[in-house]
Amino acid sequence: MIYISEEESAALVTHELAFDAVRKALVAAASGQSLVFPAVLGRAREATNTFSIKSGSSNDLTGVKIGSFWSRNLARGLPRHNSTIVLLDQDTGRLSAVVEASMVNAYRTAAADAVAADLLARKQAKVLAIFGAGNQAGFEARALARIRPIETVLVVASPSPRRDVFVDRIGDHGLTARAVPAEDAVRAADIVVTATPSREPLFDATWVKPGTHIVSMGSDAPGKRELPSKLLSRASLFCDLPSQSIQIGEFQHVRESVEAGTLIVTPIGDVIEGRALGRRSDEESTVFDSSGISLQDLYMAEALIRAKRGA
């Protein structure tokens, strides 16, 4: 059995590795030859401590990802988010690998959004608006800056020392960053990323200018919501996996319209493979719902194992 510790996986992972691995996972998810099972969302003894189990299989990989959020860990000097990927041997079902992947998870999530943006965002997108100033938001900015000529990052978050530190850190990566009100950010943005635990829309649909690409990655459980419904009714909709998106992702709030065929949601893997169109004009607004699927984790683990063996 292969074991990769948190320290080792954090040293091995890169945005390039994550982009390639997640792209393969999204192709597999749309191939019809893979299985992604419904996510299990649980709570521990204390209601603020939560965990999720995401499982799946492809022609090459079978396994699960266990993610946890322990609210009081910061006071203990520990990260609140943790993630572990378990791969099973395809022939015997025995443990094949265990990969601690807390930092890897942040790369993996940002990579999915970058893969989608590479297909859906306008080529000259220069202004990125990010809702949220947590750990994930920084990974999102860096991943998107790899595939588009981002010059300015507009941060929408409540005033706090944490927000100010986040803005400064974005600037350390050669990007101009500043905190602005939500309306100013959305009206100016070429790409909007929402990375929050919100349960209500974060902005008004009328603020979104034609041609904007929007990413919702915070909606990953029932009841979570970041985007206005009016935006979804006039934009082209894409996601990592439609069946999960309408259950726990952003599109759960338009599920009836999707199931009735009034709104069409396209798996991004179909766009990668050329079975579906992505952006069709510079005036088209696009939305990518990034609820996070198990195959992304399994392919990340495989890529890390290859990197470990090649080191």
Side-chain angles (χ1 to χ4, degrees), residues 6-22 69 73-75 77-83 100-118 121-182 184-197 202-203 212-218 226 288 290 292 300 303-304 307:
E6 175 64 30
E7 292 73 20
E8 189 175 8
S9 68
L12 290 169
V13 70
T14 65
H15 284 291
E16 292 81 2
L17 178 149
F19 187 96
D20 293 341
V22 168
F69 176 84
N73 272 6
L74 286 181
L78 298 171
R80 292 184 296 176
H81 292 273
N82 289 283
S83 182
E100 292 187 302
S102 297
M103 183 175 288
V104 165
N105 193 70
Y107 278 90
R108 157 268 208 196
T109 300
D113 301 337
V115 169
D118 200 28
R122 289 178 297 180
K123 296 297 183 184
Q124 294 305 311
K126 295 181 179 180
V127 180
L128 169 63
I130 294 185
F131 283 75
N135 181 64
Q136 186 60 41
F139 286 91
E140 297 286 328
R142 293 192 291 276
L144 290 169
R146 284 188 62 250
I147 53 91
R148 286 296 182 270
I150 302 297
E151 296 176 352
T152 303
V153 180
L154 305 176
V155 179
V156 182
S158 299
S160 68
R162 181 183 187 183
R163 184 197 67 178
D164 296 340
V165 169
F166 174 76
V167 170
D168 290 342
R169 286 179 178 171
I170 293 296
D172 291 341
H173 292 275
L175 302 170
T176 299
R178 63 181 185 274
V180 299
D184 293 350
V186 174
R187 288 189 181 279
D190 300 308
I191 301 174
V192 177
V193 174
T194 55
T196 76
L202 295 167
F203 56 86
T212 304
H213 175 60
I214 301 98
V215 178
S216 170
M217 58 75 45
E226 297 182 302
F288 178 64
S290 182
M300 284 294 293
L304 290 166

Could you please spell out the steps behind the side chain to side chain contact (heavy atoms under 4.5 Å, CB included) verdict for Glu6 and Val104?
CA-CA 9 Å; Glu6 175 64 30; Val104 165; over 6 Å; no
Side chain to side chain contact (heavy atoms under 4.5 Å, CB included) between Phe288 and Met217, worked out:
CA-CA 8 Å; Phe288 178 64; Met217 58 75 45; over 6 Å; no
Check the pair Val186 / Phe131 against side chain to side chain contact (heavy atoms under 4.5 Å, CB included), numbers first and verdict last.
CA-CA 10 Å; Val186 174; Phe131 283 75; 3.7 Å; yes
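Of all heavy-atom pairs between Thr212 and Ala189, the closest is OG1-O, 3.5 Å. Considering all non-hydrogen atoms of both residues, Gly132 and Val155 come closest at O-CG1, 4.1 Å. Across every non-hydrogen atom of Ala114 and Ala143, the tightest pair is CB-O, 3.8 Å. Residue Lys123 comes nearest to Pro149 through the heavy atom pair O-CD, 3.4 Å, listed as atom of the first residue, atom of the second, then distance. Here the shortest heavy-atom pairing between Ala177 and Gly171 reads CB-N, 4.4 Å. Nearest heavy-atom pair, Ser216 versus Thr194, reported as atom, atom and distance to 0.1 Å: CA-OG1, 3.2 Å.
Proximity of Glu140 to Leu128: side-chain heavy atoms (C-beta onward) are nowhere separated by under 4.5 Å. Using a 4.5 Å heavy-atom cutoff, the side chains of Ile150 and Ile191 are in contact. Side-chain contact between Arg80 and Leu74 is present, with heavy atoms from C-beta onward closer than 4.5 Å. Counting heavy atoms from C-beta on, the side chains of Arg122 and His213 never come closer than 4.5 Å. Side-chain contact between Ile130 and Val153 is present, with heavy atoms from C-beta onward closer than 4.5 Å. Using a 4.5 Å cut-off on side-chain heavy atoms (C-beta onward), Arg178 and Leu154 make contact. Proximity of Val156 to Phe203: side-chain heavy atoms (C-beta onward) are nowhere separated by under 4.5 Å. Taking the side chain as every heavy atom from C-beta outward, Asn73 and His81 never approach each other to under 4.5 Å.
Panel note: side chain Arg169, backbone Gly138; no donor-acceptor pair is recorded below 3.5 Å. In this structure, the side chain of Glu226 engages the main chain of Gly218 through a donor-acceptor pair within 3.5 Å. Under the 3.5 Å distance criterion, the side-chain polar atoms of Glu100 are left unmatched by any main-chain donor or acceptor of Asn82. In this structure, Asp190 contributes its side chain and Val127 its backbone to a donor-acceptor pair below 3.5 Å.
By the neighbour-count criterion of 12 heavy atoms within 6.0 Å, atom CZ of Arg142 is densely surrounded, having more than that number from other residues, nucleotides or ligands.
Classification of the Phe139-His15 ring pair by plane angle, with boundaries at 30° and 60°, yields tilted.
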What donor-acceptor contacts under 3.5 angstrom involve side-chain atoms of residues 160-168, with partners at least two apart or in another chain?
{"residue": "Ser160", "atom": "OG", "partner": "Arg162", "partner atom": "N", "Å": "3.4"}
{"residue": "Ser160", "atom": "OG", "partner": "Arg163", "partner atom": "N", "Å": "3.1"}
{"residue": "Arg163", "atom": "NH1", "partner": "Ala157", "partner atom": "O", "Å": "3.4"}

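Remark: His173 pairs with no residue by the ring pair (Phe, Tyr, Trp, His ring centres under 6.0 Å) rule, at least two apart or across chains.
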